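Side-chain atoms are counted along with the backbone in the values below, which use heavy atoms only and exclude waters and symmetry mates. Note that the coordinates shown come from a computational prediction; the quantities given were computed from them, not determined experimentally. Residue numbers start from 1 in every chain, and the chains themselves are labelled A, B, ... in the order their sequence lines are given, proteins ahead of strands.
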Amino acid sequence: MATPAPRTASGEGTLPLEPGLAGPEAGAAIQQSNLWKDAWYRYVRNRAAVVAGAVFLLMLAYCIFWPLISPYDPNEVDFSQARQNPSLEHPLGTDSFGRDLLTRTALGGRISIGIGFAATLVILAIGVAYGATSGFIGGKLDNAMMRVLDALYGLPYLPFAIITLAVIGDAGFWSLVIALSIASWLTTARIVRGQTITLKENDYVRAAKVVGARWQRVLVRHLLPNMLGILVIAVFLELPGVILGEAFLSFIGLGIGPPDASWGSMAQEGYRVYRVFPLLIVIPSVAIATLILCANFIADGLRDALDPRTRET
Amino acid sequence: MTALVVRRLIWTIPVILLVIFLTFVLMRQIEGNPFRTSERAIPESIQRNLEEKYGLDRPWYVQYAKYVRGVFTGDLGPSLVLRNRDVNDIVREHFPVSLQLGGLAMLFALVVGIPLGMLSALRANTWFDYGAMFVSSVGFAIPSFLVATLLIYYFALQWGEYFPFPTSGWEGWESKVLPSIALGLGPMAYFARLTRGSMLETLQQDYIRTARAKGLRWRRVVVVHTLRNSLIPVVTAAGPILGFLITGSFIIEQIFAIPGIGRYYVTAVTGRDYSVVMGLTVLLALIVIVANLVVDILYGFLDPRTRDARA
Amino acid sequence: MTWTRSKGRVGLLVLAMLTLVLSLAACGGGDDDGGDEGAADGVITINWGAEPPSLDPGLATDTTSSNVILNIMDPLVKLEGEELTPTPSLAESWDVEGATVTFHLRDDGQWTNGDPVTAEDFEWSWKRTISPELAADYAYQFFGIKGAAEYNGCEENCDALRDQVAVEAVDDLTLRVELTSDQPWFIQQAAHHSFLAVHRPTVEQFGEKWTEAGNIVTNGPFQLARWEHNANLDLVKWADWRNADDVALERINGRMITEGTTAVQAFEAGEVDEVGALGGLPPEELPRLKGLPEYEQTPSLGTYYYGINTENIPDVNQRRAMSLAIDRRTIIDNIAQADQLPATGFTPSGMPGYDTITPSSEWLPESGDIERAKELMEQVQNPVTDVTLVINDAPGHRDIAVAVQSMWAELGIETEIQQQEWAQFLESLGPPPARSTDAYRLGWIGDFVDAINFLELWTCDSGNNNTNWCNEEYDSLVEQARGTADEGERFDLYSQLEEVMFGPDGEVPIMPIYFYTNVSLQRESIKETYNQNLLDQIDLSEVVEE
């Protein structure tokens, strides 16, 4: 068994990935296919993760496809239909303007999930670039980069998101993405750095260095693929935070403007009428909660699948 | 160990400078007039007077220098919008409230979350485990504004006769219960899952099996060996979470009408009250830094391996 | 083994953490005991709706501050009755001769520390508000006084200019003011909170902190008992006020709940006796609340309107069409929901002379006239079909914008709603408005009870004219009105002004939508006497608990 790696200060635990179980070759390609197949089998055995994965995909499908086939115009104002309870015509009811909620929730999902994924990808991009470089090169540069990182840790996340939004001006899709990712890539960077340092010491990496491979090649061909596991998990770990962040910002009014809506801005609308029509705040909140739950279970499932040592008895 | 602490403390200074600089630059980038609070336009002459009074007509580096000097002498300047108050006053009156709210929420999260996680780990894969984890997952996933709304609606309004909780405010212990729960529910769930996962992992370790094989009583094994080690990740996470609780509580403060820093922050940014924004950002940054520092120290204390790795 | 070395440490550590957290929880946020809660024995609890930015009469600009100040201070003149006629308060009488106004003060005015209130107090206070050092937002209210504008704008030699401001305390009880012209509304204006006197020794002693509860010295029916910022502001009856016997309330506990939903909940839980008078009620809850006996609704002097950047939409027919397309009734019934009155002109209902002044404009139909709008639209040469509507991000405005967006869509206009935060929104208003702004939302609330306060907004160089609209005839009519003392003649002029904007040949640079109302929930025991006038003021000295 591989020696346990030191835990990083802010992660929940690292995933030391052991060299391939089959075969003496330490080449990256063969390792990968074995790893992923193994992981897939292990993932599928975890019922919760499978259910979560299915629900997640279902939600994605709903948000992407439903507005395309819905008979309702999500922006059509018709006060005579306002605040209807769920019925056959409107399975989720209507909002204060008489707009069909099933359609608007799907559209809101597009924006909320869209922002979630976009911001997460940005976070990953920055985090990986920063962490991998720092960990791989090591030495003084690593030290300096970590010091800067520590400095940036001092930036309070939500307040800076607010300021950033105000600076950018109009609160649109991409402004929210930037604002939400600007202060949250730090943890990812640290984890990636930790992982890079661990992997650096692995035999096959040392072997590659001995053979004389350039560091870029080592980085790209050996380290990054092995980190793919962590990165995928990181996506599903960061996603909830970003989505909640967007919901919070929209709730205090700094989010998407009309007539577009995100789940957060729908929740804000709903909050003001909850005494008369509680459905309006419950629906987007449940949507957000479901997404977060799924993301969590998927992340758990992936982690278990990719690290055989944390099986549950 | 002391070297680490001293080094980190020294590093706090450039960090604060960076925070001030970033905030300063960002605030200047936003267009907006702090003196115009209503739709009525301000006559030119009055605008000029105001800018002169608050030094806003000086070049930016003069303002920046003056401000930095102020931070290090403890004078954070006057508020531009609340004309009779200083940033120092605002901090002095409202920061303790946020601190208390964050502290109570954290207390709730730890006191409920850790035992829950522990018990779930000890009864892994039973109904208790599934139930507890489900409840805590739900608590983690539901946005706090819905939690707050539900808590107020049921415990303060509908069943108000049976419970002493008011619907809003921050006076007397009764008013502090619901907001703390609303704010602390997410972290509680997080700690529960964290404790459970970590404990499960520890329970599989060889030395635990050794202890059991040796015939030690199960409870002693749990408490003495397992619990302490399982709490390490919880401790790690606690710092940033505490920082987050204090700096990100503005929605709870808004809904419960709590006079904390969070509400002020949002109001100040939207009102372009530069000095308040900068003062509060610096303060919040300090909190986050201190929280992280404390955790890192405790962590280095705890786990000698990381001490070496980080040296 | 490494683990055993940390045997005691984790335990210690957890203990340390819990202690830290407990101490955080225990310290801070003191539990002060405020006054008793609940309506009982002359003690009521109300909602101020927001933290007053300042209780200094020279610096306060908003309704909340104004309301608190007017209840703790004694103005020269008070506005009473439905018509809001100026009645003597601290000034027992006044003479108006042309452009000179003389106030005669009562001799029993007193400060809470025993000092008598004199005319010097007023002279000093008014000059202080006008002074450039104080940089008061409302200094412009005094610009009708000779020498005030010059003093306020002075760059050098300010002391000399200060002496030339024509406010003089002739003796202890006589205050003489010389105006730049005959201003028939000046007495009314003097009821505004900026015209209150402040206690000079207190201000000089405490500087900017003079308004804190422990420092402040006042002269009105109530005193500031407690002010916990952003949380509570309590008033207590001042037994030595000149009319203390007529004041029924002993104490008013004030909360500061900004979130409308939270405020309504507090009322329904019995924690507050009044909500909404300052700060309003969430429109979405109004249908439910209207049925309650505690619901109260009064008119307010204010107009909600959409302004147009006339440089971007120059064709008057398009503007008329856009105005015709707006179904005001639908907006009022479904969004605003407070029984507001659909606007028929810019001057709101309740203004003296309203019946003469209002143009009952054909361009402002109550339920919109989409057919006629479409007809007019077709006559437009180069119609602007891409309109950017700028609003600030408060929920009510958003909803109205969405409704208007769909109404304009029927004219073939695609409206982009640009929601901006408050400060940014104000910046893009200018004047002049940002080039990208085609339309924007605004409201105007009256400072005093004369239509000039509304109509003078649209002169060419008015700081509040965000439309790029400039009409010489309009300006000259305003000038004329400013110099006309006779009410009847003035009302006539006002009606002509409205005609320029909204008559059959009206240019329609703005589209008024409705006139404001005040809505609130009041406990039945105080409902009778808890009255809010047209200027949103509540006179707490008149409130009686049944």
Side-chain angles (χ1 to χ4, degrees), chain A residues 6-13 146-148 150-160 162-167 169 187 194 197 240 244-245 247-248 251-254 263-264 267-268 270-271 274-275 278 281-282 284-286 288-293 295-297 300 309-313, chain B residues 8 11-12 14-16 18-19 22-23 26-27 29-32 124-125 137-138 140-146 149 153 194 197-198 200-201 203-204 232-233 236-237 240 243-244 247-248 250-251 254 265-266 269-270 277 280-281 284-289 292 295-296 299 303 305-306 309-310:
Chain A
R7 295 174 184 275
T8 56
S10 330
E12 279 185 62
M146 279 302 109
R147 289 283 83 83
V148 173
D150 282 340
L152 293 177
Y153 251 111
L155 302 181
Y157 166 50
L158 278 172
F160 255 90
I162 298 176
I163 298 185
T164 313
L165 267 182
V167 169
T187 315
I197 291 182
L244 268 180
F248 283 158
F251 192 81
I252 51 175
L254 293 176
W263 286 340
Q268 192 218 33
Y271 175 66
Y274 92 88
R275 299 296 298 278
I281 190 178
V282 170
S285 301
V286 168
I288 294 176
T290 314
L291 200 69
I292 292 181
L293 270 178
N296 265 313
F297 281 122
D300 276 351
R309 293 185 322 127
T310 56
R311 293 188 310 277
E312 308 180 32
T313 32
Chain B
R8 289 290 291 271
W11 265 100
T12 315
V15 171
I16 295 292
L18 179 69
V19 171
L22 274 180
T23 323
L26 284 176
M27 285 304 286
Q29 293 303 107
I30 319 178
E31 31 172 52
N125 296 321
S137 291
V138 163
F140 176 73
I142 294 191
S144 57
F145 44 77
L146 184 65
T149 309
Y153 183 69
L194 206 52
S198 162
L200 277 179
E201 203 179 303
L203 282 172
Q204 292 167 35
I232 293 177
T236 321
F244 172 73
T247 62
F250 47 83
I251 288 194
Q254 173 93 336
Y265 195 86
V266 180
V269 172
T270 35
V277 175
L280 290 185
T281 311
L284 296 176
L286 264 173
I287 297 174
V288 175
I289 293 175
N292 280 322
V295 167
D296 277 352
Y299 194 77
D303 193 348
R305 296 177 306 173
T306 48
R310 290 169 66 90

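The ring-ring contact (aromatic ring centres under 6.0 Å, His included) test applied to A:F248 returns no partner, not counting sequence neighbours. Taking the side chain to side chain contact (heavy atoms under 4.5 Å, CB included) definition, one finds that B:P143 meets it with A:L244, A:S285, A:I288, B:F145, sequence neighbours left out.
When side chains are defined from C-beta on, A:I162 counts as touching B:F250, because their heavy atoms get closer than 4.5 Å.
With a 4.5 angstrom heavy-atom cutoff, B:V138 touches chain A via backbone and side-chain atoms both. Contact of B:S144 with chain A is made through backbone and side chain together, with heavy-atom distances under 4.5 Å.
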Worked check of side-chain contact (heavy atoms from CB on, under 4.5 Å) between A:R275 and B:Y153: CA-CA 9 Å; A:R275 299 296 298 278; B:Y153 183 69; 3.7 Å; yes
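Within the model, atoms CD1 of A:I281 and OG1 of B:T149 stand 4.0 Å from one another, a figure rounded to the nearest 0.5 Å.
When all heavy atoms are compared, the tightest approach of B:A141 to A:I292 is O-CD1, 3.6 Å.
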